[in-house]
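Numbers restart at 1 for each chain; the letters A, B, ... are given by sequence-line order, proteins then strands. Note that this is a predicted model, so its numbers are computed, not measured.
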Number of protein chains: 2
Amino acid sequence: MIAETPPGVRRRTPRGQGRARLVAAAAELFAENGVSGTSLQAIADRLGVTKAAVYHQFTSKDEIVIAVAEPVIGVLESIADAAASADPSESQAIAIAGLVDLALSERGTAAIVRRDPTMARLLDAHEPYARQIARIDALLLGPSPSTDRRLALAFAGGGIMAIGALPGFDGPAEQVRAGLIAAMTRALSI
Amino acid sequence: MIAETPPGVRRRTPRGQGRARLVAAAAELFAENGVSGTSLQAIADRLGVTKAAVYHQFTSKDEIVIAVAEPVIGVLESIADAAASADPSESQAIAIAGLVDLALSERGTAAIVRRDPTMARLLDAHEPYARQIARIDALLLGPSPSTDRRLALAFAGGGIMAIGALPGFDGPAEQVRAGLIAAMTRALSI
DNA sequence: GTCTATAGATAGATAGAC
DNA sequence: GTCTATCTATCTATAGAC
(Lines give C-alpha, C1' and ligand atoms only; values in the text may rest on other atoms or scores of the structure.)
Protein backbone atom coordinates (compact mmCIF):
# COMPACT_ATOMS: atom_id res chain seq x y z
CA MET A 1 0.00 0.00 0.00
CA ILE A 2 1.28 3.38 -0.96
CA ALA A 3 1.24 6.12 1.62
CA GLU A 4 -0.85 9.16 0.82
CA THR A 5 0.88 12.48 0.39
CA PRO A 6 1.32 13.75 3.96
CA PRO A 7 -0.39 17.05 4.68
CA GLY A 8 1.80 20.07 4.04
CA VAL A 9 4.16 18.34 1.65
CA ARG A 10 4.82 20.35 -1.51
CA ARG A 11 3.51 18.82 -4.70
CA ARG A 12 5.66 18.86 -7.81
CA THR A 13 3.19 21.27 -9.33
CA PRO A 14 1.46 23.60 -6.89
CA ARG A 15 -2.28 23.28 -6.62
CA GLY A 16 -4.08 24.91 -9.51
CA GLN A 17 -0.91 26.02 -11.26
CA GLY A 18 -1.27 23.50 -14.05
CA ARG A 19 -4.66 24.95 -14.76
CA ALA A 20 -3.36 28.51 -14.76
CA ARG A 21 -0.49 27.61 -17.08
CA LEU A 22 -2.94 25.96 -19.42
CA VAL A 23 -5.23 28.96 -19.49
CA ALA A 24 -2.29 31.27 -20.18
CA ALA A 25 -1.10 29.11 -23.06
CA ALA A 26 -4.61 28.90 -24.49
CA ALA A 27 -5.05 32.67 -24.24
CA GLU A 28 -1.87 33.25 -26.23
CA LEU A 29 -2.87 30.81 -28.94
CA PHE A 30 -6.41 32.18 -29.13
CA ALA A 31 -4.99 35.66 -29.61
CA GLU A 32 -2.68 34.44 -32.37
CA ASN A 33 -4.95 32.10 -34.29
CA GLY A 34 -8.46 32.63 -32.98
CA VAL A 35 -10.43 30.10 -30.97
CA SER A 36 -11.51 27.99 -33.96
CA GLY A 37 -7.96 28.09 -35.25
CA THR A 38 -6.57 26.66 -32.03
CA SER A 39 -6.75 22.91 -31.46
CA LEU A 40 -6.39 21.18 -28.12
CA GLN A 41 -3.35 19.54 -29.66
CA ALA A 42 -1.77 22.94 -30.17
CA ILE A 43 -2.43 23.88 -26.56
CA ALA A 44 -0.97 20.60 -25.36
CA ASP A 45 2.08 21.06 -27.58
CA ARG A 46 2.79 24.50 -26.19
CA LEU A 47 2.74 23.06 -22.70
CA GLY A 48 4.78 20.04 -23.70
CA VAL A 49 2.08 17.57 -22.67
CA THR A 50 -0.48 15.44 -24.45
CA LYS A 51 -4.11 16.21 -25.19
CA ALA A 52 -5.18 13.78 -22.51
CA ALA A 53 -3.42 15.89 -19.91
CA VAL A 54 -5.40 18.88 -21.09
CA TYR A 55 -8.62 16.92 -20.74
CA HIS A 56 -7.66 16.13 -17.20
CA GLN A 57 -8.02 19.81 -16.30
CA PHE A 58 -10.98 20.74 -18.48
CA THR A 59 -13.80 18.60 -19.74
CA SER A 60 -14.24 20.46 -23.01
CA LYS A 61 -12.72 23.12 -25.21
CA ASP A 62 -15.61 25.46 -24.43
CA GLU A 63 -14.68 25.30 -20.78
CA ILE A 64 -11.17 26.50 -21.64
CA VAL A 65 -12.57 29.34 -23.69
CA ILE A 66 -14.70 30.49 -20.78
CA ALA A 67 -11.75 30.16 -18.41
CA VAL A 68 -9.72 32.45 -20.65
CA ALA A 69 -12.45 35.07 -20.57
CA GLU A 70 -13.10 34.85 -16.84
CA PRO A 71 -10.30 37.15 -15.61
CA VAL A 72 -11.42 39.81 -18.08
CA ILE A 73 -14.99 39.53 -16.80
CA GLY A 74 -13.69 39.96 -13.27
CA VAL A 75 -11.87 43.14 -14.20
CA LEU A 76 -14.94 44.46 -15.99
CA GLU A 77 -16.90 43.95 -12.79
CA SER A 78 -14.31 45.86 -10.77
CA ILE A 79 -14.43 48.69 -13.27
CA ALA A 80 -18.21 48.85 -13.17
CA ASP A 81 -18.19 48.77 -9.36
CA ALA A 82 -15.59 51.51 -9.06
CA ALA A 83 -17.30 53.75 -11.59
CA ALA A 84 -20.76 53.22 -10.15
CA SER A 85 -19.73 54.04 -6.60
CA ALA A 86 -17.82 57.17 -7.55
CA ASP A 87 -19.15 60.66 -7.82
CA PRO A 88 -21.19 60.87 -11.06
CA SER A 89 -18.92 63.60 -12.35
CA GLU A 90 -16.00 61.17 -12.20
CA SER A 91 -17.60 57.87 -13.14
CA GLN A 92 -16.95 58.19 -16.86
CA ALA A 93 -13.27 58.99 -16.39
CA ILE A 94 -12.91 56.05 -14.03
CA ALA A 95 -14.54 53.68 -16.49
CA ILE A 96 -12.37 54.91 -19.35
CA ALA A 97 -9.15 54.59 -17.36
CA GLY A 98 -10.18 51.10 -16.25
CA LEU A 99 -10.92 49.95 -19.78
CA VAL A 100 -7.64 51.34 -21.08
CA ASP A 101 -5.69 49.60 -18.33
CA LEU A 102 -7.55 46.37 -19.08
CA ALA A 103 -6.81 46.59 -22.80
CA LEU A 104 -3.14 47.28 -22.08
CA SER A 105 -2.61 44.67 -19.38
CA GLU A 106 -4.55 41.83 -20.95
CA ARG A 107 -3.62 42.75 -24.53
CA GLY A 108 -4.50 39.82 -26.72
CA THR A 109 -7.02 38.34 -24.34
CA ALA A 110 -9.14 41.47 -24.14
CA ALA A 111 -9.15 41.73 -27.91
CA ILE A 112 -10.12 38.09 -28.33
CA VAL A 113 -12.95 38.46 -25.86
CA ARG A 114 -14.40 41.24 -27.92
CA ARG A 115 -13.89 40.05 -31.47
CA ASP A 116 -13.58 36.28 -31.75
CA PRO A 117 -16.80 34.77 -33.13
CA THR A 118 -16.58 31.60 -31.04
CA MET A 119 -15.83 33.54 -27.90
CA ALA A 120 -18.63 35.98 -28.63
CA ARG A 121 -21.12 33.16 -29.04
CA LEU A 122 -20.10 31.54 -25.77
CA LEU A 123 -20.11 34.80 -23.85
CA ASP A 124 -23.52 35.79 -25.14
CA ALA A 125 -24.81 32.72 -23.36
CA HIS A 126 -22.69 33.57 -20.32
CA GLU A 127 -24.71 35.93 -18.17
CA PRO A 128 -21.90 37.46 -16.05
CA TYR A 129 -20.17 38.92 -19.08
CA ALA A 130 -23.28 40.44 -20.62
CA ARG A 131 -24.22 41.97 -17.27
CA GLN A 132 -20.91 43.76 -16.71
CA ILE A 133 -20.78 45.03 -20.28
CA ALA A 134 -24.29 46.38 -19.91
CA ARG A 135 -23.37 48.16 -16.68
CA ILE A 136 -20.34 49.85 -18.21
CA ASP A 137 -22.19 50.77 -21.38
CA ALA A 138 -24.94 52.37 -19.31
CA LEU A 139 -22.38 54.37 -17.36
CA LEU A 140 -20.67 55.61 -20.51
CA LEU A 141 -23.88 56.34 -22.38
CA GLY A 142 -25.72 58.22 -19.68
CA PRO A 143 -29.51 58.52 -19.57
CA SER A 144 -31.46 58.68 -22.87
CA PRO A 145 -28.42 58.68 -25.16
CA SER A 146 -28.62 60.02 -28.71
CA THR A 147 -27.95 57.83 -31.74
CA ASP A 148 -24.73 59.74 -32.23
CA ARG A 149 -23.59 58.95 -28.73
CA ARG A 150 -24.37 55.27 -29.12
CA LEU A 151 -22.42 55.27 -32.35
CA ALA A 152 -19.55 56.97 -30.58
CA LEU A 153 -19.53 54.31 -27.86
CA ALA A 154 -19.52 51.44 -30.35
CA PHE A 155 -16.70 53.22 -32.17
CA ALA A 156 -14.72 53.70 -28.98
CA GLY A 157 -15.24 50.07 -27.99
CA GLY A 158 -13.73 48.91 -31.25
CA GLY A 159 -10.93 51.40 -30.94
CA ILE A 160 -9.80 50.36 -27.52
CA MET A 161 -9.75 46.69 -28.44
CA ALA A 162 -7.84 47.34 -31.63
CA ILE A 163 -5.10 48.79 -29.46
CA GLY A 164 -5.03 45.71 -27.29
CA ALA A 165 -4.43 43.60 -30.36
CA LEU A 166 -1.43 45.63 -31.47
CA PRO A 167 1.98 44.24 -30.72
CA GLY A 168 3.58 46.35 -28.02
CA PHE A 169 3.01 49.89 -29.15
CA ASP A 170 6.23 51.81 -28.95
CA GLY A 171 6.82 54.82 -26.80
CA PRO A 172 6.84 54.94 -23.00
CA ALA A 173 4.03 52.90 -21.45
CA GLU A 174 2.75 55.94 -19.59
CA GLN A 175 2.50 57.95 -22.78
CA VAL A 176 0.61 55.18 -24.52
CA ARG A 177 -1.78 54.93 -21.60
CA ALA A 178 -2.36 58.68 -21.54
CA GLY A 179 -2.80 58.78 -25.32
CA LEU A 180 -5.41 56.05 -25.20
CA ILE A 181 -7.34 57.69 -22.39
CA ALA A 182 -7.32 60.88 -24.41
CA ALA A 183 -8.53 59.04 -27.51
CA MET A 184 -11.38 57.38 -25.61
CA THR A 185 -12.36 60.64 -23.97
CA ARG A 186 -12.29 62.44 -27.30
CA ALA A 187 -14.41 59.74 -28.89
CA LEU A 188 -17.05 60.13 -26.18
CA SER A 189 -16.95 63.92 -26.01
CA ILE A 190 -20.33 64.29 -27.68
CA MET B 1 -22.83 12.69 -80.79
CA ILE B 2 -24.04 15.61 -78.80
CA ALA B 3 -23.94 19.04 -80.36
CA GLU B 4 -21.74 21.59 -78.60
CA THR B 5 -23.44 24.62 -77.11
CA PRO B 6 -23.90 26.98 -80.06
CA PRO B 7 -22.20 30.34 -79.74
CA GLY B 8 -24.37 33.00 -78.17
CA VAL B 9 -26.71 30.59 -76.42
CA ARG B 10 -27.31 31.46 -72.78
CA ARG B 11 -25.86 29.03 -70.29
CA ARG B 12 -27.94 27.95 -67.31
CA THR B 13 -25.55 29.85 -65.07
CA PRO B 14 -23.98 32.95 -66.59
CA ARG B 15 -20.23 32.95 -66.89
CA GLY B 16 -18.54 33.72 -63.61
CA GLN B 17 -21.74 33.99 -61.65
CA GLY B 18 -21.20 30.72 -59.83
CA ARG B 19 -17.94 32.10 -58.61
CA ALA B 20 -19.50 35.33 -57.42
CA ARG B 21 -22.27 33.50 -55.60
CA LEU B 22 -19.68 31.35 -53.91
CA VAL B 23 -17.64 34.32 -52.79
CA ALA B 24 -20.74 36.01 -51.40
CA ALA B 25 -21.73 32.92 -49.44
CA ALA B 26 -18.21 32.51 -48.11
CA ALA B 27 -18.06 36.16 -47.05
CA GLU B 28 -21.25 35.80 -45.04
CA LEU B 29 -20.03 32.66 -43.32
CA PHE B 30 -16.61 34.16 -42.61
CA ALA B 31 -18.29 37.15 -41.00
CA GLU B 32 -20.47 34.92 -38.85
CA ASN B 33 -18.00 32.24 -37.81
CA GLY B 34 -14.57 33.43 -38.80
CA VAL B 35 -12.43 31.88 -41.51
CA SER B 36 -11.16 28.98 -39.39
CA GLY B 37 -14.70 28.37 -38.19
CA THR B 38 -16.00 28.01 -41.72
CA SER B 39 -15.55 24.69 -43.52
CA LEU B 40 -15.78 24.17 -47.24
CA GLN B 41 -18.66 21.87 -46.43
CA ALA B 42 -20.51 24.76 -44.82
CA ILE B 43 -19.96 26.94 -47.89
CA ALA B 44 -21.17 24.16 -50.16
CA ASP B 45 -24.23 23.58 -47.97
CA ARG B 46 -25.22 27.24 -48.12
CA LEU B 47 -25.08 27.08 -51.91
CA GLY B 48 -26.86 23.73 -52.02
CA VAL B 49 -23.98 21.99 -53.77
CA THR B 50 -21.23 19.60 -52.78
CA LYS B 51 -17.67 20.34 -51.77
CA ALA B 52 -16.47 19.04 -55.12
CA ALA B 53 -18.43 21.78 -56.87
CA VAL B 54 -16.64 24.32 -54.70
CA TYR B 55 -13.29 22.84 -55.67
CA HIS B 56 -14.24 23.24 -59.29
CA GLN B 57 -14.18 27.02 -58.83
CA PHE B 58 -11.27 27.37 -56.43
CA THR B 59 -8.28 25.16 -55.91
CA SER B 60 -7.95 25.80 -52.18
CA LYS B 61 -9.65 27.45 -49.25
CA ASP B 62 -6.96 30.13 -49.14
CA GLU B 63 -7.92 31.16 -52.64
CA ILE B 64 -11.50 31.71 -51.48
CA VAL B 65 -10.29 33.78 -48.57
CA ILE B 66 -8.30 36.03 -50.87
CA ALA B 67 -11.24 36.29 -53.28
CA VAL B 68 -13.41 37.51 -50.41
CA ALA B 69 -10.90 40.22 -49.56
CA GLU B 70 -10.28 41.32 -53.15
CA PRO B 71 -13.27 43.69 -53.55
CA VAL B 72 -12.31 45.41 -50.31
CA ILE B 73 -8.77 45.87 -51.55
CA GLY B 74 -10.13 47.37 -54.74
CA VAL B 75 -12.18 49.91 -52.81
CA LEU B 76 -9.18 50.76 -50.64
CA GLU B 77 -7.21 51.51 -53.79
CA SER B 78 -9.98 53.80 -55.09
CA ILE B 79 -10.03 55.62 -51.77
CA ALA B 80 -6.28 56.08 -51.76
CA ASP B 81 -6.35 57.30 -55.37
CA ALA B 82 -9.14 59.77 -54.75
CA ALA B 83 -7.59 61.13 -51.60
CA ALA B 84 -4.10 61.38 -53.09
CA SER B 85 -5.23 63.28 -56.17
CA ALA B 86 -7.38 65.75 -54.23
CA ASP B 87 -6.29 69.03 -52.77
CA PRO B 88 -4.23 68.28 -49.63
CA SER B 89 -6.68 70.24 -47.52
CA GLU B 90 -9.41 67.81 -48.51
CA SER B 91 -7.57 64.50 -48.74
CA GLN B 92 -8.19 63.51 -45.13
CA ALA B 93 -11.92 64.14 -45.36
CA ILE B 94 -12.11 62.15 -48.58
CA ALA B 95 -10.26 59.22 -47.06
CA ILE B 96 -12.47 59.24 -43.97
CA ALA B 97 -15.69 59.36 -45.99
CA GLY B 98 -14.43 56.56 -48.21
CA LEU B 99 -13.56 54.33 -45.26
CA VAL B 100 -16.91 54.94 -43.61
CA ASP B 101 -18.76 54.10 -46.82
CA LEU B 102 -16.66 50.97 -47.18
CA ALA B 103 -17.37 49.85 -43.63
CA LEU B 104 -21.09 50.47 -44.12
CA SER B 105 -21.45 48.90 -47.54
CA GLU B 106 -19.28 45.85 -47.00
CA ARG B 107 -20.23 45.42 -43.35
CA GLY B 108 -19.14 41.97 -42.28
CA THR B 109 -16.53 41.61 -45.00
CA ALA B 110 -14.66 44.76 -44.09
CA ALA B 111 -14.62 43.72 -40.46
CA ILE B 112 -13.38 40.24 -41.27
CA VAL B 113 -10.62 41.63 -43.43
CA ARG B 114 -9.36 43.64 -40.52
CA ARG B 115 -9.73 41.28 -37.61
CA ASP B 116 -9.76 37.64 -38.62
CA PRO B 117 -6.41 36.02 -37.80
CA THR B 118 -6.41 33.72 -40.82
CA MET B 119 -7.34 36.55 -43.15
CA ALA B 120 -4.71 38.79 -41.58
CA ARG B 121 -2.01 36.19 -42.13
CA LEU B 122 -2.94 35.70 -45.76
CA LEU B 123 -3.20 39.42 -46.46
CA ASP B 124 0.14 40.15 -44.85
CA ALA B 125 1.63 38.00 -47.56
CA HIS B 126 -0.58 39.66 -50.16
CA GLU B 127 1.23 42.76 -51.33
CA PRO B 128 -1.72 44.70 -52.87
CA TYR B 129 -3.51 44.91 -49.53
CA ALA B 130 -0.51 46.04 -47.54
CA ARG B 131 0.28 48.69 -50.14
CA GLN B 132 -3.15 50.31 -50.12
CA ILE B 133 -3.35 50.26 -46.34
CA ALA B 134 0.04 51.92 -46.17
CA ARG B 135 -1.04 54.64 -48.62
CA ILE B 136 -4.18 55.46 -46.66
CA ASP B 137 -2.35 55.39 -43.33
CA ALA B 138 0.24 57.80 -44.69
CA LEU B 139 -2.49 60.16 -45.90
CA LEU B 140 -4.25 60.12 -42.54
CA LEU B 141 -1.08 60.39 -40.49
CA GLY B 142 0.56 63.20 -42.36
CA PRO B 143 4.31 63.81 -42.30
CA SER B 144 6.31 63.01 -39.16
CA PRO B 145 3.32 62.00 -37.02
CA SER B 146 3.47 62.04 -33.24
CA THR B 147 3.02 58.92 -31.14
CA ASP B 148 -0.34 60.30 -30.06
CA ARG B 149 -1.48 60.67 -33.62
CA ARG B 150 -0.40 57.14 -34.52
CA LEU B 151 -2.30 55.90 -31.49
CA ALA B 152 -5.32 57.88 -32.61
CA LEU B 153 -5.19 56.33 -36.07
CA ALA B 154 -4.94 52.78 -34.72
CA PHE B 155 -7.84 53.61 -32.43
CA ALA B 156 -9.92 55.00 -35.29
CA GLY B 157 -9.15 51.98 -37.44
CA GLY B 158 -10.52 49.67 -34.80
CA GLY B 159 -13.51 51.89 -34.27
CA ILE B 160 -14.59 52.00 -37.87
CA MET B 161 -14.36 48.25 -38.26
CA ALA B 162 -16.28 47.64 -35.05
CA ILE B 163 -19.14 49.51 -36.63
CA GLY B 164 -19.03 47.36 -39.72
CA ALA B 165 -19.41 44.28 -37.55
CA LEU B 166 -22.53 45.60 -35.85
CA PRO B 167 -25.84 44.30 -37.06
CA GLY B 168 -27.65 47.07 -38.91
CA PHE B 169 -27.30 50.04 -36.66
CA ASP B 170 -30.68 51.69 -36.25
CA GLY B 171 -31.48 55.22 -37.23
CA PRO B 172 -31.57 56.62 -40.77
CA ALA B 173 -28.64 55.44 -42.89
CA GLU B 174 -27.62 59.00 -43.59
CA GLN B 175 -27.49 59.82 -39.89
CA VAL B 176 -25.37 56.76 -39.18
CA ARG B 177 -22.99 57.70 -41.96
CA ALA B 178 -22.70 61.28 -40.73
CA GLY B 179 -22.22 60.11 -37.15
CA LEU B 180 -19.42 57.80 -38.17
CA ILE B 181 -17.66 60.42 -40.23
CA ALA B 182 -17.89 62.73 -37.24
CA ALA B 183 -16.50 60.03 -34.94
CA MET B 184 -13.56 59.35 -37.26
CA THR B 185 -12.85 63.04 -37.68
CA ARG B 186 -13.02 63.58 -33.93
CA ALA B 187 -10.68 60.65 -33.33
CA LEU B 188 -8.12 62.14 -35.70
CA SER B 189 -8.48 65.74 -34.55
CA ILE B 190 -5.14 65.76 -32.82
C1' DG C 1 -1.22 14.47 -13.39
C1' DT C 2 0.53 12.27 -17.13
C1' DC C 3 0.60 8.75 -20.51
C1' DT C 4 -0.88 5.40 -24.80
C1' DA C 5 -4.44 4.22 -27.59
C1' DT C 6 -8.40 4.87 -30.01
C1' DA C 7 -13.17 6.11 -31.17
C1' DG C 8 -16.03 8.83 -34.18
C1' DA C 9 -16.62 12.95 -36.73
C1' DT C 10 -15.05 16.21 -39.81
C1' DA C 11 -11.39 18.76 -42.09
C1' DG C 12 -9.14 19.88 -46.79
C1' DA C 13 -8.35 17.88 -51.03
C1' DT C 14 -8.43 14.56 -55.32
C1' DA C 15 -10.23 11.20 -59.03
C1' DG C 16 -13.22 10.33 -62.38
C1' DA C 17 -18.19 9.77 -64.14
C1' DC C 18 -21.92 12.39 -66.13
C1' DG D 1 -20.55 22.58 -63.43
C1' DT D 2 -22.10 19.19 -60.65
C1' DC D 3 -21.99 14.69 -58.84
C1' DT D 4 -20.34 10.19 -55.91
C1' DA D 5 -16.73 8.27 -53.70
C1' DT D 6 -12.66 8.31 -51.39
C1' DC D 7 -8.01 9.63 -49.41
C1' DT D 8 -5.37 11.30 -45.65
C1' DA D 9 -4.89 14.22 -41.83
C1' DT D 10 -6.72 16.29 -37.97
C1' DC D 11 -10.29 17.36 -34.80
C1' DT D 12 -12.80 16.77 -30.12
C1' DA D 13 -13.40 13.54 -26.79
C1' DT D 14 -13.08 9.04 -24.03
C1' DA D 15 -11.03 4.76 -21.74
C1' DG D 16 -7.92 2.97 -18.93
C1' DA D 17 -2.90 2.06 -17.40
C1' DC D 18 0.81 4.04 -14.57
Side-chain angles (χ1 to χ4, degrees), chain A residues 1-7 9-26 29-30 32-68 116-119 121-122, chain B residues 1-7 9-26 29-30 32-68 116-119 121-122:
Chain A
M1 191 178 179
I2 298 170
E4 293 187 285
T5 307
V9 165
R10 188 168 290 123
R11 292 171 182 78
R12 238 179 318 168
T13 305
R15 198 187 279 278
Q17 185 166 318
R19 202 181 151 99
R21 275 205 336 132
L22 199 160
V23 169
L29 288 164
F30 290 169
E32 287 166 26
N33 310 312
V35 175
S36 286
T38 301
S39 66
L40 294 188
Q41 184 66 65
I43 296 172
D45 287 350
R46 177 153 302 196
L47 294 170
V49 301
T50 62
K51 276 185 296 179
V54 171
Y55 272 104
H56 178 72
Q57 313 259 15
F58 293 93
T59 65
S60 72
K61 188 181 177 181
D62 282 1
E63 214 177 84
I64 300 177
V65 177
I66 292 288
V68 166
D116 186 277
T118 306
M119 182 72 87
R121 207 159 291 146
L122 276 173
Chain B
M1 192 178 178
I2 299 171
E4 292 186 286
T5 307
V9 164
R10 188 169 288 121
R11 290 171 184 78
R12 238 179 319 171
T13 305
R15 202 186 275 280
Q17 184 167 316
R19 204 181 150 100
R21 272 200 344 127
L22 200 161
V23 170
L29 287 165
F30 290 169
E32 288 167 25
N33 311 312
V35 174
S36 287
T38 301
S39 66
L40 294 190
Q41 185 66 64
I43 296 173
D45 287 350
R46 176 153 302 197
L47 293 171
V49 300
T50 62
K51 273 188 297 180
V54 171
Y55 273 104
H56 177 71
Q57 313 259 18
F58 293 93
T59 65
S60 72
K61 187 180 179 182
D62 282 1
E63 217 178 81
I64 300 177
V65 177
I66 293 289
V68 165
D116 185 278
T118 306
M119 182 71 88
R121 206 159 291 145
L122 276 174

Are [X] and [Y] packed together at the side-chain level, in the sense that at least one heavy-atom pair is separated by less than 4.5 angstrom?
X: A/V65; Y: A/F30; answer: yes
X: B/I64; Y: B/L40; answer: yes
X: B/N33; Y: A/R121; answer: yes

Hey, which of these two, A/G48 or B/V35, hits DNA chain C nearer its 5' end, going by closest nucleotide?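 On the 5' side of the pair lies A/G48.
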
Considering only [options], which nucleotide approaches the side chain of [X] most closely?
X: B/H56; options: D/dG1, D/dT14, C/dT2; value: D/dG1
X: A/T50; options: C/dT4, C/dA11, D/dT2; value: C/dT4
X: B/S39; options: C/dT6, C/dA13, C/dA11; value: C/dA11
X: A/S60; options: C/dA13, D/dA13, C/dA11; value: D/dA13

How long is the line joining [atom1] of [X] and [atom2] of [N], in whole Å?
X: A/D62; N: D/dT12; atom1: CG; atom2: P; result: 11 Å
X: A/E63; N: D/dT12; atom1: CD; atom2: C1'; result: 14 Å
X: B/Y55; N: D/dT8; atom1: OH; atom2: C1'; result: 13 Å
X: A/L47; N: C/dG1; atom1: CG; atom2: C1'; result: 13 Å
X: B/Q41; N: C/dT14; atom1: CD; atom2: P; result: 16 Å
X: A/L22; N: C/dG1; atom1: CG; atom2: C1'; result: 12 Å
X: B/K51; N: D/dC7; atom1: NZ; atom2: C1'; result: 11 Å
X: A/F58; N: C/dG1; atom1: CZ; atom2: P; result: 12 Å

Thinking salt bridges, do A/R46 and A/E32 make one under a 4.0 Å N-O criterion?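 A/E32 and A/R46: salt-bridged.
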
Would you indicate what A/T38 reaches in the nucleic acid, counting non-hydrogen atoms under 4.0 angstrom: base, sugar-phosphate, or nothing?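 Here A/T38 touches the backbone only, sparing every base.
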
If the cut-off is 4.0 Å, is B/Q57 near the phosphate of D/dT2, judged by side-chain N/O to OP1 or OP2?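 For D/dT2, OP1/OP2 do have a side-chain N/O of B/Q57 under 4.0 Å.
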
Donor-acceptor check, side chain of B/D116 to backbone of B/V35, threshold 3.5 angstrom: yes or no? yes

The answer to which of A/L40 and A/A52 contacts DNA chain D further toward the 5' end, by nearest nucleotide, is A/L40

